[in-house]
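Since the structure comes first, as structure tokens, the remarks are kept for the end.
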Amino acid sequence: MFKKELIQLIIIIFLLTISCTSQSDGKSENIKETAVTSFSADRIHFGSKGNPLNGLIISWRGLNNSQHKIRWGYTDSYEKGIFSVSGKELLIGYAGQEISDGYLFNYTFPDNLKPESILYYSIYDGLNWCENNTFKTSKDPLSKNFTFLVGGDIQHNMDVWNYATNKIVNTYDDIDFILQTGDFVDNPYKIEQWNNIFKKGEVYLKKFLEYKTIGNHDLDGSNIFLEQFTMPENKKWWSFEFGDVLFINLLSNIDFYSSDGSEQSQQYQWLLKQLQNSTKKWKVVLFHRPFFCPDSYGEEMHPYFDTIWKAFDDYGVDVIFNGHMHYYMRTKPINRNISINSPVAKYGSNKDQGRLEIITGNMGSGDYDNKTNLQGFATPIPWYIEKGFMRVHYIKVAVEENKISIYALNRDNILFDEIVLEK
Ligand SMILES: [Fe+2]
């Protein structure tokens, strides 16, 4: 009798051991549960092919192409299982002089993730599992009340980037996503820059889902930016919906400037279709180069007043977020269908109302601060400027059913401009 019970006990222990190591993508696993001593995966960040709950992707870099894995779940038992992930080599450098920058690993979470939930995950680098990490999912994309941040142009000062992002990390636990206005890096050919920007923004990039637009510095003839980040559709121009808002991103770089116009035409036709087909109450557009800014750069977009900007006026775009200029600037209501040299009375999407353009381009591109309104801007101040501040900053946007509240905050979360749109 005792012998029989002993055999049963041994069988139970064996089965329990198997069940602890085999919750995988169909394969039995035998992975060391060692403490992390020399974990070789870094640059963890999130993107999405769609809205924040459908198409969410986690990406990281490994130093070699060993078999990486991810385990995840809604509890720290990682009940969704263990999944193998293949790496793709990152090559950085000028054509013919590229050197390996390790391997990029992407894992796509299944669609319809639970809203406002903690995802527990851990990454296996071929030798060790990293410590437990968490990521909070967004609200249900059908929710008409949600919050997002906007900011961009990092490029130069990594201490500023580190300070500003840590402040944001410590301030917000309820942000649904972030829009990045471009010029993430200054020179995409330099590994050192990629290392610095990921290292100094490590906690921020691990905490928030960021949708990016592409700045002139990000591409600069290199594909490394497109390879490294996930964005919806073709990455260059994309859209997604959240609540009653249509978000559109454009590429204001090379594809606007193709000599035969074909790329511009392709993007323009796509833009028209997005605006024509949308029944959303609010329309928000993101791209890097602004149409309205008081510097010589401001004329870069003027050839597209009669196509791209006219589409904004014709279809009543509510807000346009840009970067490129290393300051904050907010325009008066602009509707070029009514006037090309004076503002209209109100922001809004009615035929007699105008667009709100906001330039938000300093999360590291400059270390200046505390300038007063329009201090440092060239005079005379153009007719379209309502506010302008040269300072490190970001934007917080709170969307409700009938209003969008926009707050401009400096690196210490001090509010310096505010505007509410209602309809
Ligand atoms: Fe730029």
Side-chain angles (χ1 to χ4, degrees), residues 92 94 149-158 160-161 164-165 178-190 192-194 196-198 200-201 210-229 231 235-238 248-258 263-264 267 284-305 308-309 319-331 357-368 376-378 382 384-385 388-395 408:
I92 294 186
Y94 295 97
L149 305 184
V150 196
D153 288 76
I154 301 143
Q155 290 183 263
H156 304 299
N157 194 313
M158 294 299 109
V160 169
W161 164 239
T165 52
I178 292 175
L179 301 181
Q180 208 265 336
T181 57
D183 284 356
F184 188 73
V185 290
D186 190 57
N187 184 336
Y189 295 95
K190 292 191 172 174
E192 186 68 11
Q193 286 210 355
W194 289 104
N196 281 339
I197 212 157
F198 273 107
K200 296 285 188 174
E210 199 169 63
Y211 288 91
K212 291 179 171 60
T213 193
I214 301 170
N216 50 305
H217 286 273
D218 297 321
L219 280 188
D220 202 18
S222 164
N223 278 328
I224 193 66
F225 188 92
L226 289 168
E227 287 178 14
Q228 199 145 200
F229 296 115
M231 290 166 272
K235 299 188 180 184
K236 294 180 177 176
W237 47 89
W238 48 257
I248 293 176
N249 168 68
L250 301 174
L251 174 66
S252 58
N253 288 336
I254 53 175
D255 295 296
F256 264 44
Y257 291 86
S258 297
E263 289 286 355
Q264 178 205 339
Q267 184 172 195
V284 173
V285 180
L286 169 75
F287 52 97
H288 185 61
R289 285 180 159 125
F291 274 90
F292 290 91
C293 76
D295 301 85
S296 57
Y297 292 113
E299 297 182 4
E300 290 174 335
M301 298 295 284
H302 288 188
Y304 311 102
F305 266 141
I308 303 286
W309 186 275
V319 188
I320 297 154
F321 289 111
N322 300 126
H324 202 38
M325 311 314 300
H326 299 167
Y327 48 66
Y328 170 86
M329 195 195 90
R330 170 162 70 87
T331 68
E357 179 202 274
I358 291 180
I359 297 175
T360 169
N362 191 351
M363 284 186 77
S365 54
D367 194 12
Y368 39 78
F377 282 70
Y384 51 80
I385 297 184
F389 292 90
M390 295 202 175
R391 58 182 58 173
V392 177
H393 73 280
Y394 66 96
I395 310 285

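Each ligand, and each atom within it, is numbered from 1 in the order the structure gives. All figures in this text were calculated on a predicted structure; none of them were measured in a lab.
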Taking all atoms of both residues into account, what is the closest heavy-atom pair of Glu357 and Phe291, and its distance?
OE1-N, 3.5 Å

Count of protein N, O or S atoms below 2.8 Å from the Fe ion (ligand 1) equals 4

If you apply the rule side chain to side chain contact (heavy atoms under 4.5 Å, CB included), what do you find for Ile359 with His324, and how did you get there?
CA-CA 8 Å; Ile359 297 175; His324 202 38; over 6 Å; no

Side chain to side chain contact (heavy atoms under 4.5 Å, CB included) partners for His156, two or more places apart:
Asp186, His326, Ser365

Note: Leu250 and Trp237 closest approach over all heavy atoms is CA-CB, 4.2 Å

Kindly indicate, with the supporting measurements, whether the criterion side chain to side chain contact (heavy atoms under 4.5 Å, CB included) is fulfilled by Phe321 and Ile358.
CA-CA 5 Å; Phe321 289 111; Ile358 291 180; 4.0 Å; yes

With the side chain counted from C-beta on, respond yes when Met231 and Asn249 share a heavy-atom pair under 4.5 Å apart, and no when they do not.
no

